[in-house]
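Lettering follows sequence order; numbering is per chain, from 1. Just so we're clear, the structure is a prediction, and the values are computed from it rather than from any experiment.
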Number of protein chains: 2
Amino acid sequence: MAGPAGSRGARAATLSDVAKLAGVSVATASKALNGRDHVHSRTRARVLEAAAQLSFSPNSLAQSLLAGRSGTVGLLTSDLVGRFSLPILMGAEDAFGAGQVSVFLCDARGDAIRERHHVQALVSRRVDGLIVVGSSTDPRPALADGVDVPVVYAYAPSEAAGDLSIVPDNIGAGRMAIEHLLACGRSRIAHISGDRDYSAARDRVAGAAGALEEAGLEPVGEVAYGTWTEGWGRAAAGLLLDRSPEVDAVLCGSDQVARGVLDTLRDRGRRVPEDVAVMGFDNWEVVATGSRPQLTSVDMNLEELGRTAARALFDAIDDEPARGVRTMDCRVVIRGSTAPLS
Amino acid sequence: MAGPAGSRGARAATLSDVAKLAGVSVATASKALNGRDHVHSRTRARVLEAAAQLSFSPNSLAQSLLAGRSGTVGLLTSDLVGRFSLPILMGAEDAFGAGQVSVFLCDARGDAIRERHHVQALVSRRVDGLIVVGSSTDPRPALADGVDVPVVYAYAPSEAAGDLSIVPDNIGAGRMAIEHLLACGRSRIAHISGDRDYSAARDRVAGAAGALEEAGLEPVGEVAYGTWTEGWGRAAAGLLLDRSPEVDAVLCGSDQVARGVLDTLRDRGRRVPEDVAVMGFDNWEVVATGSRPQLTSVDMNLEELGRTAARALFDAIDDEPARGVRTMDCRVVIRGSTAPLS
DNA sequence: GCCAGCTCCGAAAACCTTTTCCGCCCGGGA
DNA sequence: TCCCGGGCGGAAAAGGTTTTCGGAGCTGGC
């Protein structure tokens with residue numbers, strides 16, 4: 001059933017088992033399996049045959065021990081449950097998987113103790129590097145000293161200037177969003193944001209304000225800060241329509257807020273996008289495509305951010321360390337909730 | 001700056017470095033650090049001091065090599081992007097994290113080749129066990145033979161009867177949902193499901209049908225199969241109201257479908273929950289709490305499922321293997337969209 | 001026939017830790 | 001003073017792999 005390799009519990013075949021079966025030394029078996037020179041093709045074939053027969057799988061622990069590199073990295077998230085860690089994680093996993101690197105996943109659940117604990121374990125396992133994924137774009141404390149492997153911070157930058165961090169360009173994103181609305185011919189643009197305590201919210205607002213000002217336009221009303229929820233979107237939109245009924249576009253702090261805004265607009269009989277254009281943030285696929293009309297949104301390219309972080313970590317491992325904060329461009333994904341004024 | 005341990009690139013301190021600094025042999029150093037007997041307390045203190053000074057961290061690779069177990073497990077998902085893998089993964093990570101087990105995360109992206117590749121890598125890294133997380137509750141092929149570590153299948157059961165699988169009890173969930181609606185005094189209950197190709201959809205329907213029959217009730221209309229989207233929910237609800245306006249409760253295949261149903265009910269002037277109760281499935285927090293009214297939903301307890309899978313894997317590693325399919329109970333989370341008829 | 005040179009293979013060290021077993025030294029008792 | 005025992009520390013092996021270096025065997029040329 002389980003093939004000639006024997007069933008579960010049988011000790012895994014080792015290189016010297018293979019060598020014995022092939023009638024050669026371990027050294028020769030190693031060279032044969034690794035494609036080294038100075039092995040006769042007949043011998044090589046015999047070794048390969050023996051290895052296949054025993055379903056030999058080289059022990060990476062031994063290889064790593066000898067090589068001084070484990071071919072593993074640690075991915076340390078502070079909040080897996082959040083929506084932003086996952087795509088980053090996927091991008092990183094993707095980039096590493098291609099390069100034969102295995103990934104240790106650790107979730108600190110926002111707890112510093114737990115984080116130290118995980119870091120300690122990873123160091124002990126001799127990971128070649130570490131990616132630290134934050135749960136918001138606010139700067140976070142650097143890892144404790146004594147971690148002498150390369151570290152790349154993703155999403156949340158490190159507070160220490162000497163570290164390398166990869167973050168989305170939220171200022172540019174705010175600018176981009178406004179530019180899209182302007183391109184749609186809108187000029188009375190309001191901004192319903194999310195939680196003011198998040199730098200992501202403030203940065204987007206700053207970018208948007210900059211773009212408006214450059215276009216010589218005044219924002220409609222104050223920027224409305226609140227929470228990242230549909231409920232807030234509904235409430236803030238109601239207030240907005242009461243105070244500034246002339247509004248012809250609403251930029252929202254997140255897709256959820258935008259959903260709430262859409263709800264209120266529909267209740268008040270405003271057509272989207274004909275009367276009012278609505279734009280979200282984060283491009284959360286199911287939310288953005290589930291709404292009526294589908295939601296134009298800004299995508300932070302988080303998967304690409306994860307891939308970039310992974311590549312940066314590769315470089316750092318290969319002794320080409322970088323430092324500072326690198327920002328990644330966002331992109332506007334256009335759907336039905338924004339359209340040119342006719 | 002980086003402390004006495006030396007900066008990045010300096011070879012990590014080894015046990016013999018510690019021994020040398022403490023003026024003892026490696027054997028003694030090992031015993032001292034591991035709390036073994038036959039070490040004088042003065043000696044032990046000296047060793048501990050030396051270890052701290054060098055910020056010594058034992059090399060897990062060497063330990064694993066010697067011990068014959070690595071203290072690592074593989075978590076193999078077929079679809080990380082899906083909504084169901086993540087909670088399972090978190091539960092498992094949680095259960096393992098408590099022990100001293102590290103988790104390798106691999107995403108096969110639904111590709112069998114990629115999956116084999118990952119399994120091969122994990123075997124080579126000598127993981128002590130494997131959890132395979134499927135993307136739907138439909139049975140999936142077992143891992144290839146030749147994997148001689150324990151494997152637990154989560155969410156999607158293995159097709160091979162000898163394997164151990166942990167899956168949510170969707171039949172029971174369907175039953176539970178109906179029982180809740182009955183308890184609310186509803187008797188004209190329709191079911192708008194998701195994609196018929198998913199056993200999750202069919203199982204929930206079967207459970208719901210059984211509960212209705214036991215209550216001596218006829219379902220309102222046929223079960224409507226479609227897709228797992230808001231759009232489908234809106235469309236199906238429209239049809240339902242046209243054909244069976246007497247309906248007083250709608251059980252939906254997912255929270256997204258339920259959102260769509262809520263939309264249509266609102267458009268048609270039906271009050272929820274006064275006129276019609278609506279119930280979702282999956283208890284997707286942001287979706288369920290973002291809607292108006294908030295959505296009663298069935299939670300599959302996926303995090304608990306992940307924890308259970310992890311514990312089962314522990315048992316299997318400790319030579320207490322189990323087999324067959326174990327189902328996990330679901331639970332109803334009651335919110336505003338269902339309430340007793342007044 | 002002998003030697004040079006090339007091809008192929010094997011012995012051994014290295015990576016780092018744990019554990020077993022042995023030996024040393026010191027104190028106490030005869 | 002001698003012996004014994006107990007307490008403490010050290011040498012060495014084991015775990016599996018890679019690499020280096022040396023050596024064996026064979027062929028071809030003189």
B:Arg326: partners by salt bridge (charged side-chain N to carboxylate O under 4.0 Å, His left out), with sequence neighbours left out | none
What's the CZ-P distance between B:Arg42 and D:dG7, to the nearest Å?
-> 15 Å
Give B:Thr43 one of three labels, base, sugar-phosphate or nothing, depending on what nucleic acid heavy atoms sit under 4.0 Å from its own.
-> sugar-phosphate
Atom-to-atom span, NE2 of B:His40 to P of D:dG6 - whole angstrom | 17 Å
With A:Glu304 via salt bridge (charged side-chain N to carboxylate O under 4.0 Å, His left out) - residues at least two apart = A:Arg307, A:Arg311
Apply side chain to side chain donor-acceptor pair (under 3.5 Å) to A:Ser16 and list each qualifying residue two or more places apart in sequence or on a separate chain.
-> A:Thr14
With sequence neighbours excluded, give me every ring pair (Phe, Tyr, Trp, His ring centres under 6.0 Å) pair touching residues 111-167 of chain B.
-> B:Phe84-B:Tyr155
Sequence-distant partners of A:Arg114, salt bridge (charged side-chain N to carboxylate O under 4.0 Å, His left out), two or more places apart = B:Asp94
The helix from C:dG1-D:dC30 to C:dA30-D:dT1: angle between terminal helix axes, five bp per end, to the nearest 10 degrees, reads 80°
Return the orientation label for the B:Phe96 and B:Phe314 ring planes: parallel under 30°, perpendicular over 60°, tilted otherwise.
-> perpendicular
Sorted by chain and number, sequence neighbours left out, side chain to side chain donor-acceptor pair (under 3.5 Å) with B:Arg126 holds for none
Boundaries of the chain A footprint along DNA chain C (any atom under 4.0 Å from a heavy atom) | C:dC8 to C:dC16
Inter- and intrachain pairs under ring pair (Phe, Tyr, Trp, His ring centres under 6.0 Å), touching residues 19-64 of chain B, at least two apart = none
Please identify each residue that fulfils salt bridge (charged side-chain N to carboxylate O under 4.0 Å, His left out) with A:Arg125, with sequence neighbours left out.
-> none
Could you list all the salt bridge (Lys or Arg N to Asp or Glu O under 4.0 Å) pairs where at least one residue sits in residues 64-91 of chain A, not counting sequence neighbours?
-> A:Arg69-A:Asp318, A:Arg83-A:Asp282
Given protein heavy atoms under 4.0 Å, the one-letter contact record of nucleotides 13-20 of chain D, with B base, S sugar-phosphate only and - none, is simply -BBBBBB-
At under 4.0 Å between heavy atoms, what does B:His38 touch on the DNA or RNA strands: base, sugar-phosphate, or nothing?
-> base
